[in-house]
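Reading through the structure tokens given below for one structure.
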There are 2 protein chains.
Amino acid sequence: MMAQGTTRRQIVEAADDLFYRQGFEHTSFADIARVVDISRGNFYHHFKSKDDILDAVIKTRLDRTQHMLADWEEEGTTPKDRIRSYIKILLTNWSMIKDYGCPVGTLCTELAKLNHASKTEANKIFTLFRVWLRNQFRQLGHKKDADALAMHVLSWSQGVATLGNAFDDYKYVKQEVDKMCAWLDTLSVRTK
Amino acid sequence: MMAQGTTRRQIVEAADDLFYRQGFEHTSFADIARVVDISRGNFYHHFKSKDDILDAVIKTRLDRTQHMLADWEEEGTTPKDRIRSYIKILLTNWSMIKDYGCPVGTLCTELAKLNHASKTEANKIFTLFRVWLRNQFRQLGHKKDADALAMHVLSWSQGVATLGNAFDDYKYVKQEVDKMCAWLDTLSVRTK
DNA sequence: GGAAGACTAGGACAACTGACCTAATGTGTC
DNA sequence: GACACATTAGGTCAGTTGTCCTAGTCTTCC
């Protein structure tokens with residue numbers, strides 16, 4: 001007996017992976033069906049269109065991101081520690097990034113070019129990081145420029161992901177990550 | 001009478017524009033034919049495949065980039081002036097970037113995901129900027145870290161383009177450009 | 001065991017893709 | 001005018017796409 005919703009979850013999981021590695025448009029129903037091992041016609045019992053699958057994928061990514069960010073807010077960690085956790089994804093996920101780039105950035109870029117209806121939803125993943133980072137900088141005592149600092153970290157890491165992917169250069173990525181951490185250390189910490 | 005090679009040039013020009021605005025894969029022969037106002041079958045007299053058109057597009061982009069970089073090497077400009085010219089493309093081309101992102105970054109990202117044979121060629125556009133920027137930093141007296149500085153500028157602007165596109169936020173882009181220029185000013189200038 | 005509903009397989013559909021072919025037209029040269 | 005060649009239009013092709021439909025199977029609950 002199949003657990004309820006298993007097929008649907010498998011479809012979303014496979015689509016999530018394929019959308020990341022091949023791009024949304026370049027991934028066909030046949031591709032997903034091959035991975036999950038179901039017939040093509042089966043999709044339309046769970047989703048009413050391909051865009052529907054995309055929306056489900058974005059939703060799970062939003063969920064996972066939120067959980068990841070929450071997990072980083074452990075006991076005994078400082079805001080700087082947490083920001084470092086974010087910066088270090090570049091190294092943690094390097095084996096994927098070098099081949100497929102940043103999952104968030106590449107999806108948003110593709111949907112922007114397709115002028116896809118769900119691009120706003122996809123951008124919310126960026127917003128999740130932005131708000132979380134902003135909050136960390138606020139805790140460091142940066143009231144006025146917390147958002148600017150958050151955006152700065154966001155764009156910095158985004159650029160490193162893009163260039164690291166293009167040049168397939170781990171040494172450079174490591175170097176930039178160190179630079180980001182060093183920059184972070186120079187920031188003043190104000191206790192209230 | 002048609003000037004020689006006009007149609008071919010028109011095809012490349014239209015493809016260049018469409019590849020940028022819609023993405024390579026999402027652009028069909030019909031799309032290009034509509035712009036240039038020729039029949040579909042006509043393509044195969046000038047190009048042997050769609051990939052062939054892509055190669056021609058990349059070649060013209062390489063040419064144009066090279067000319068642009070050469071133009072920036074005017075009389076009486078300092079290396080810092082020239083680097084500033086690069087940074088300010090973000091503002092100059094903002095009306096396009098906000099909708100379609102960076103032409104170089106988005107193409108390289110797409111071709112990486114498609115694992116396309118021409119992705120190496122596309123990356124050469126990045127290399128062009130990289131070498132040029134490296135050269136500017138060398139002229140500023142930075143021998144050992146010239147390449148690292150070049151890559152830093154490259155990734156920084158790349159990230160700003162991606163985030164600026166996602167959030168459609170000119171104020172943020174302006175802010176980051178100012179930050180980059182300020183950072184540039186802090187760099188020491190050593191005369192030999 | 002029988003009814004109801006969830007789930008699935010597999011085929012069919014029209015639309016579109018890049019690719020290829022051939023016939024026709026234009027252009028320049030001798 | 002005759003010839004060679006460059007250029008083009010328009011049709012055809014097989015393959016793939018997302019979508020939809022129907023018939024059938026499995027599961028659950030009474």
Side-chain angles (χ1 to χ4, degrees), chain A residues 1-58 107 110-111 113-119 121-122, chain B residues 1-58 107 110-111 113-119 121-122:
Chain A
M1 161 196 146
M2 275 274 182
Q4 224 184 5
T6 297
T7 303
R8 192 195 144 96
R9 213 175 307 126
Q10 280 179 317
I11 291 174
V12 175
E13 207 170 312
D16 189 0
D17 181 55
L18 288 169
F19 288 174
Y20 174 38
R21 281 171 30 220
Q22 310 187 341
F24 167 68
E25 195 174 31
H26 190 246
T27 298
S28 69
F29 279 68
D31 290 332
I32 305 172
R34 207 175 300 121
V35 173
V36 184
D37 199 33
I38 55 169
S39 75
R40 266 152 295 124
N42 198 345
F43 283 99
Y44 287 82
H45 180 259
H46 300 280
F47 303 94
K48 72 174 205 290
S49 71
K50 194 184 175 186
D51 291 345
D52 229 44
I53 300 181
L54 174 63
D55 286 339
V57 167
I58 294 175
L107 180 67
E110 183 182 359
L111 296 186
K113 260 185 220 277
L114 299 180
N115 202 14
H116 195 284
S118 299
K119 72 172 174 181
E121 280 303 304
Chain B
M1 163 195 145
M2 274 274 182
Q4 222 184 6
T6 297
T7 304
R8 191 195 144 95
R9 213 175 308 127
Q10 281 180 316
I11 291 174
V12 175
E13 207 169 311
D16 190 359
D17 181 54
L18 288 170
F19 288 175
Y20 174 39
R21 281 171 30 221
Q22 310 186 342
F24 167 68
E25 196 174 30
H26 190 246
T27 299
S28 70
F29 279 71
D31 291 332
I32 306 172
R34 206 175 301 122
V35 172
V36 185
D37 199 31
I38 55 170
S39 74
R40 267 151 294 122
N42 198 345
F43 284 101
Y44 289 85
H45 180 259
H46 300 280
F47 304 94
K48 72 174 207 288
S49 69
K50 194 185 174 187
D51 290 346
D52 229 44
I53 301 180
L54 175 63
D55 286 338
V57 167
I58 294 175
L107 180 66
E110 182 181 2
L111 297 186
K113 262 186 218 277
L114 299 180
N115 202 15
H116 195 283
S118 299
K119 73 172 173 179
E121 280 303 304

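What you see is a predicted model; the values in this text were computed from it and never measured. In what follows, every chain begins at residue 1, and chains take the letters A, B, ... in the order their sequences are listed.
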dA24(C) P sits how many Å from Asn42(B) CG, rounded?
17 Å

What is the distance, rounded to the nearest whole Å, between atom CZ of Phe43(B) and atom C1' of dT17(C)?
13 Å

What is the distance, to the nearest angstrom, from the NE2 atom on His45(B) to the P atom on dC20(C)?
15 Å

Checking His116(A) now: which residues fulfil ring-ring contact (aromatic ring centres under 6.0 Å, His included) with it, not counting sequence neighbours?
Phe24(A)

Contacts of type salt bridge (Lys or Arg N to Asp or Glu O under 4.0 Å), residue Glu25(B), not counting sequence neighbours
none

Ile11(B) atom CD1 is separated from dA9(D) atom C1', nearest whole Å, by 13 Å

Would you tabulate the side-chain donor-acceptor contacts of residues 34-49 of chain A under 3.5 Å, counting partners in other chains and residues two or more places apart, or write 'none'?
from	atom 1	to	atom 2	distance (Å)
Arg34(A)	NH1	Asp31(A)	OD1	3.3
Ser49(A)	OG	Asp51(A)	N	3.4
Ser49(A)	OG	Asp52(A)	N	3.2

d(NZ, Lys48(A); C1', dC7(C)) in whole Å:
20 Å

So, is Thr7(A) near the phosphate of dC7(C), with a side-chain N or O under 4.0 Å from OP1 or OP2?
no

Single hit among Val57(B), Ile58(B), Leu111(B), Leu54(B) for side-chain contact (heavy atoms from CB on, under 4.5 Å) with Glu121(B)
Ile58(B)

What pairs with Glu13(B) under side-chain hydrogen bond (donor to acceptor under 3.5 Å, both in side chains), at least two apart in sequence or on another chain?
none

Separation of dC20(C) P from Asp52(B) CG (nearest whole Å):
11 Å

Return the value, rounded to whole Å, for the distance between atom CZ of Arg8(A) and atom C1' of dA6(C).
14 Å

Whole angstrom value for the distance that separates C1' of dT19(D) from CG of Asp51(A)
12 Å

Which residues pass the salt bridge (Lys or Arg N to Asp or Glu O under 4.0 Å) test with Asp17(B), sequence neighbours left out?
Arg21(B)

Between His46(A) and dT8(C), is there a side-chain N or O to OP1/OP2 distance below 4.0 Å?
yes

Assign a letter to each nucleotide of nucleotides 12-18 of chain D from its 5' end: B, base within under 4.0 Å of a protein heavy atom; S, sugar-phosphate only; -, no contact.
-----SS

